[in-house]
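For ligands, and for the atoms within them, numbers begin at 1 and follow the listed sequence. All values reported here derive from a predicted model rather than from experimental measurement.
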Amino acid sequence: MKTIPWQDRFKVGVPEIDIQHQGLLNIVNQLITSIENKTEWKTTSAIIDSLINYAYTHFATEERYMLQGKYPGLLKHVEIHVDFIRKVFNMSQKIEQKDIVLQREILTFLASWYTTHVLGMDREYIPYITSKGKPGTSDTQ
Ligand SMILES: [Fe+2]
Ligand SMILES: [Fe+2]
């Protein structure tokens with residue numbers, strides 16, 4: 001699988017979220033490179049862990065914006081985020097060094113989840129979070 005280049009169409013227009021989406025894509029790409037190059041499993045496994053951590057942080061940020069913007073689809077969106085963490089976590093527990101099939105499966109899942117989610121659900125909250133005040137710090141705009 002080839003790495004996924006960052007594209008302007010991934011932007012939602014809130015710098016804090018766009019930076020996190022780039023960060024998330026960077027980790028997905030690190031994982032693609034790591035698995036494709038059959039890197040030492042310890043390294044690949046650590047990338048999967050950091051992906052879960054980063055996703056967790058990013059989802060919390062996004063959910064904060066949606067809550068503040070009174071986005072009506074918040075709960076549904078949160079469920080999808082939780083489901084993603086659960087799936088990746090479960091997969092990561094099962095994968096082993098020689099399990100190329102499962103390694104490929106996680107790559108396919110992550111790559112398609114990323115593009116589908118960022119270009120799909122993540123665009124639906126845009127009118128709510130860009131027209132209202134921003135949560136948290138005021139130095140991110
Ligand atoms: Fe997102
Ligand atoms: Fe999201």
Q.
Between Thr116 (side chain only) and Trp113 (backbone N and O only), is there a donor and an acceptor less than 3.5 Å apart?
A. no
Q) Quick check: are there more than 12 heavy atoms from other residues, nucleotides or ligands sitting under 6.0 Å from OH of Tyr56? A) no
ask   = Do you see an N/O/S atom of His21, backbone or side chain, under 2.8 Å from the Fe ion (ligand 1)?
value = yes
Task: Test item: Glu36 side-chain N/O and Met1 main-chain N/O as donor-acceptor pair under 3.5 Å - done: yes
Checking distances from the Fe ion (ligand 2), one finds that the N, O or S atom of His77 closest to it is NE2
In Glu62, the N/O/S atom nearest the Fe ion (ligand 2) carries the name OE1
ask   = Does Gln103 reach the main-chain N or O of Gln97 with its side chain, forming a donor-acceptor pair under 3.5 Å?
value = yes
The Fe ion (ligand 2) -> Asp122, closest N, O or S atom is OD1
